[in-house]
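Remember, predicted model here, so these are calculated numbers, not experimental data. Whatever order the structure lists ligands and atoms in, that order sets their numbers, starting from 1.
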Amino acid sequence: MWNTDNPDPHVENPTFKALYKSIPFFIALRNDCVYGIFFDNHFKTNFDMGYSSTDYYSFGAADGELDYFFFYGDTIADIISQYTALTGRCPLPQLWTLGYHQSRWGYSSQQEVLDLAQNFIDNDLPCDVIHMDIDYMDNYKVFTVDKNRFPDLTALSDVLHQKGIRLVTIIDPGTKVENGYHMYEEGIKNNYFAQTPDGEVYENVVWPGDSVFPDYTSSIVRNWWGSQTKFLLDQGISGIWNDMNEPASFRGPLPDDVVFPGDDMPRQHKEVHNVFGHLMAKATYEGIKKNSGKRPFVITRACYSGTQKYSTAWTGDNQSIWAHLKLSIPQLLNLGMSGMPFVGTDIGGFGSNTNPELLSRWIQASCFAPLFRNHCAKFSRCQEPWQFDKQTLDIYRTYVRLRYRFIPYLYDLFYEESRTGMPIIRPLVMHYQSDPEVRECNDEYLVGDRILVAPVTDQGVHVKAVYLPQGTWIDYWTKERISGGKYILRDAPIDVCPIYIKGDSIIPAWPQLDHIPDGGSEELILEYYPASADSSKYVHYQDNGADFAYEAGEYNLYRFRADKDGELSVSMEHEGYEHHYETLRVEVY
Ligand code: MIG
């Protein structure tokens with residue numbers, strides 16, 4: 001584990017060792033014995049899990065302490081809960097962050113961003129967020145805006161906001177060496193940057209050319225960096241996307257002995273490397289919180305254990321290839337079980353060129369991905385949903401709308417996660433631990449414990465072998481009832497992603513909305529799927545979806561009980577948020 005920006009295609013290959021994130025934690029399930037080990041060492045570490053032998057595993061570190069935590073419990077959920085009690089949990093996000101995000105490296109003018117927003121409206125597609133990649137900056141200088149391309153960023157965010165769309169801007173750590181540039185000058189004056197062993201400011205090359213690297217191990221530097229977020233927030237920016245924070249550098253890697261002076265606690269790069277992105281995310285989170293009072297929305301590429309407290313993450317530069325679509329499922333499930341629940345992959349693939357079939361399958365497979373963003377590289381074919389044919393656009397719209405329908409369910413899962421550490425999307429083994437059939441199942445996932453998604457991730461394949469665990473499952477599309485504990489073959493033409501609802505579930509849903517309203521929907525729908533029980537229960541969370549008022553009790557918890565004839569009873573388990581639903585509607589399936 002050594003946070004790495006490796007442009008080679010990330011495939012199953014033992015010579016391909018490290019990726020962007022280091023989370024030195026694993027869970028073992030053997031017979032009925034479950035445990036977890038967290039090796040809390042952020043020097044370079046290595047894990048040999050079944051590579052040398054099927055009889056043992058091993059792990060070690062290049063340096064630092066042999067400091068590890070052992071968690072024992074009855075269930076995988078127990079282990080995750082203990083691990084996240086130690087390393088932290090992802091706090092409740094703002095509601096709009098659960099919507100659809102559109103990105104592309106290359107959006108480079110105010111007009112282009114406006115046209116993009118209009119395209120969503122014209123194509124009848126929900127969208128809540130547009131991301132601005134490095135081209136909005138003046139010469140890639142962080143915390144600046146290119147005035148030629150974006151003459152009035154505040155006006156742009158205002159217009160978009162009226163259309164229900166928010167902006168997120170990218171920020172890299174590499175700070176341009178340039179006299180007169182405020183970030184460089186302030187940082188130099190105050191010794192805020194990493195140094196060579198001789199005490200000179202260390203320089204490497206990143207997007208802005210010659211660049212220096214903030215010392216995020218210092219609380220003073222973190223405060224300074226965090227305070228810069230005001231520049232963007234004041235112009236209406238709603239979140240910050242941290243890239244290149246492994247840190248990545250173009251003129252060879254940072255040497256091991258580069259010094260981060262810290263708060264009078266110098267440490268070498270070899271010790272700081274794997275937490276550099278983590279500390280940058282922390283600085284960003286705290287800055288946004290202080291300057292906006294809202295729940296900060298941060299996305300980071302590099303992570304260490306505990307980054308979930310400050311940031312969401314995406315899985316970095318994947319490619320528009322089927323292997324990466326397939327890989328996205330275990331990647332997101334593993335991140336979730338490693339305490340990072342708010343994650344997503346670049347839908348459609350970042351590098352290479354996508355195509356209608358691949359994009360259709362990708363939006364289906366990611367429809368419940370906690371972070372729901374289509375992103376693409378500058379030198380790749382455009383992959384916004386309308387770039388292809390009508391069929392692709394229609395499929396795309398169907399699954400984006402499905403996602404929006406279930407946002408209250410996802411938000412409830414975030415509420416649960418913030419208290420227990422349970423991931424939003426989960427491997428089947430988390431809920432069916434004693435079923436040997438699901439132990440290696442990595443091409444299906446559960447959303448919470450009651451929606452099962454079995455996406456097609458192969459080219460030209462129109463049928464999916466779906467394993468349904470014990471119990472009654474209802475096909476979401478046909479409403480057919482199936483008893484589980486077996487594989488079924490489900491037809492899966494290009495417009496179908498097999499989805500099943502667990503019998504006796506209540507699932508909260510919203511009516512059709514193109515954007516996530518501040519404070520949520522006025523109407524709540526309860527989809528009810530009676531099976532063998534006479535009645536079902538569900539606890540639903542509601543708050544303003546924006547700030548920290550919930551910490552002072554400003555939220556509602558509804559306890560719903562539905563019985564087979566469609567009778568619904570509601571009791572308030574907690575009543576602290578003044579806004580209630582105008583309509584509650586039960587749909588019995
Ligand atoms: O060297 O900012 O992973 O999402 O579009 C490439 C440009 C830098 C890498 C990120 C990608 C982003 C791109 N960045």
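Asp5 has a carboxylate O that lies under 4.0 Å from a charged side-chain N of Arg301, or vice versa, which qualifies the two as a salt bridge.
Separation of the His375 and Trp314 ring centroids does not fall under the 6.0 Å cut-off. The ring of Tyr396 has its center no closer than 6.0 angstrom to the ring center of Phe388. His278 has its ring centre less than 6.0 Å from the ring centre of Tyr310. The aromatic ring centres of Phe143 and Trp225 sit less than 6.0 Å apart. The distance between the ring centers of Phe213 and His269 does not fall below 6.0 angstrom.
Less than 4.0 angstrom separates some heavy atom of Trp314 from each of these atoms of ligand 1: 3 (O), 4 (O), 10 (C). Each of the atoms 3 (O), 9 (C), 10 (C) of ligand 1 lies under 4.0 Å from some heavy atom of Arg301. Close approach to Met244 involves these atoms of ligand 1, each under 4.0 Å from a residue heavy atom: 1 (O), 8 (C).
With a 4.0 Å heavy-atom cut-off, ligand 1 is reached by the side chain of Ile170 but not by its N, CA, C or O. For Lys378, no heavy-atom contact with ligand 1 is shorter than 4.0 Å.
Of the polar atoms of Asp5, none of the N or O atoms is found under 3.5 Å from an N or O of ligand 1, judged by distance alone. Checked by distance only, ligand 1 and Trp105 stay at 3.5 Å or farther apart across all their nitrogen or oxygen atoms.
Trp241 and His131 have perpendicular rings, their planes meeting at more than 60° on a 0 to 90° scale where under 30° would count as parallel.
Here the heavy atom of the protein found nearest to atom 14 (N) of ligand 1 is Asp243 OD2, 2.7 Å. Closest to atom 4 (O) of ligand 1 among all protein heavy atoms lies His375 NE2, 2.9 Å. Residue, atom and distance of the protein heavy atom nearest to atom 3 (O) of ligand 1 are Asp317 OD1, 2.4 Å.
Proximity annotation for atom 12 (C) of ligand 1: of Asp172, Asp346, Asp133, Asp133 comes nearest, heavy atoms only.
Contact between Trp241 and ligand 1 is present, with at least one heavy atom of the residue lying under 4.0 Å from the ligand.
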Give the intermediate values and the outcome of side chain to side chain donor-acceptor pair (under 3.5 Å) for residues Asn242 and Thr284.
-> CA-CA 9 Å; Asn242 286 341; Thr284 308; 3.2 Å; yes

